[in-house]
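Here it is, the structure in full.
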Amino acid sequence: MASNNKRVDLEITSDSICPFCFIGKRRIEEAIRLAKEEEHLPLDFHIRFAPFLLDPTLPASPGENKRERYRRRFGGAERVQKMEEQMVQRGLECNPPIKFSYGGVVSQTTDSHRLIEKARELKGEEGQLRLVERLFKSYFEEEGDPGAHELLARDAESAGIMSASEAKEFLASDELKDVVAAGIQKAQMRGISGVPFTIINDKLAISGAQETETFLEVFKKIAKGELEA
């Protein structure tokens, strides 16, 4: 039976090492839950993640110490410590909470984006969402190397995308490199310079990890026809 609900497509341009992207995912998902369960809005939501490189100069895995790189980029240990404390607090305020941990290494994320694209190809929207969540948790909560094929393969298997051996074979190939490169170029052509960046139905753009209430208000306006999207 066909739904009479309005379709809401959310394309979220994101990077696997962007803490605000993890927070933004939480807030959007909470806004969708509220829209469905409490507001009963006549909307059907669909999410797709698009690639972005927050720092194209990052080395490949095994990368480098996360805190040391942040200190160089953002101006010293004291400033980085304050940034960490603020991000930890923001994470704990999410529903469910994110337990940010800043040990470990940071490395290039192109392969994680390839895997995110592959997840959608193999398992659709739900598979892609499961993998994105797993990759975020590995990096931000478990201090994993975001570019390590061993870890990416493990996450692909735990998210139900493919076996670890299949994932390693995929990661060792060039498959979907051109698709990811095109996606990154598309973001640049759109003028996206920071993430997360959410585009609703190819019309309405929302920059940053806005509050849950902000997304919910947008959804209410779309449902009422007050906002064309």
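Since the structure is predicted, the reported quantities are computational estimates derived from the model, not experimental observations.
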Set of ring-ring contact (aromatic ring centres under 6.0 Å, His included) partners for F197, sequence neighbours left out: none
Ion pair R7/D44, N-O distance below 4.0 Å: no
Test side chain to side chain donor-acceptor pair (under 3.5 Å) applied to D202 - qualifying residues, sequence neighbours left out: none
All side chain to side chain donor-acceptor pair (under 3.5 Å) counterparts of R69, not counting sequence neighbours: D55, T57, E64
Qualifying side-chain hydrogen bond (donor to acceptor under 3.5 Å, both in side chains) pairs with a residue from residues 12-24, counting only residues at least two apart or across chains: D15-T109, D15-H113, S16-S112
Common cluster, L58/V180, ILVMFWY with side-chain heavy-atom separation under 4.5 Å: no
Pairs under 3.5 angstrom only: tabulate donor-acceptor contacts from the side chains of residues 210-218 to other protein residues two or more places apart or in another chain.
| unit_1 | atom_1 | unit_2 | atom_2 | d |
| --- | --- | --- | --- | --- |
| Q210 | NE2 | S207 | O | 2.7 |
| E217 | OE2 | K220 | NZ | 3.4 |

Enclosure of Q185 CD (heavy-atom neighbours >12, cutoff 6.0 Å): no
Residues which pass ring-ring contact (aromatic ring centres under 6.0 Å, His included) with F49, listed by chain and number, not counting sequence neighbours: none
Minimum side-chain heavy-atom gap R130-K123 below 4.5 Å: yes
Residues that T198 engages under side chain to side chain donor-acceptor pair (under 3.5 Å), provided they are two or more places apart: none
Taking only distance into account, with no hydrogens and no angle test, what donor-acceptor pairs under 3.5 Å do side-chain atoms of residues 92-101 form with protein atoms, sequence neighbours excluded?
| unit_1 | atom_1 | unit_2 | atom_2 | d |
| --- | --- | --- | --- | --- |
| E93 | OE2 | Q89 | NE2 | 3.2 |
| N95 | ND2 | E30 | OE1 | 3.3 |
| N95 | ND2 | E30 | OE2 | 3.4 |
| S101 | OG | E143 | OE2 | 2.4 |

side-chain contact (heavy atoms from CB on, under 4.5 Å) against A209, all qualifying residues, sequence neighbours excluded: F20, I23, R27, P196
Heavy atoms from other residues, nucleotides or ligands near CD of E78 exceed 12 (cutoff 6.0 Å): no
Pairs involving residues 103-113, ordered by first then second residue, that meet salt bridge (charged side-chain N to carboxylate O under 4.0 Å, His left out) (sequence neighbours left out): D111-R114
Pairing of E175 and K118 as salt bridge, 4.0 angstrom limit: yes
Test applied, salt bridge (Lys or Arg N to Asp or Glu O under 4.0 Å); reference residue, R48; option that passes from E125, E117, E126: E117
side-chain contact (heavy atoms from CB on, under 4.5 Å) partners for K66, two or more places apart: Y70, Y102, V106, Y139
Non-neighbouring partners of E39 that pass side chain to side chain donor-acceptor pair (under 3.5 Å), sequence neighbours left out: none
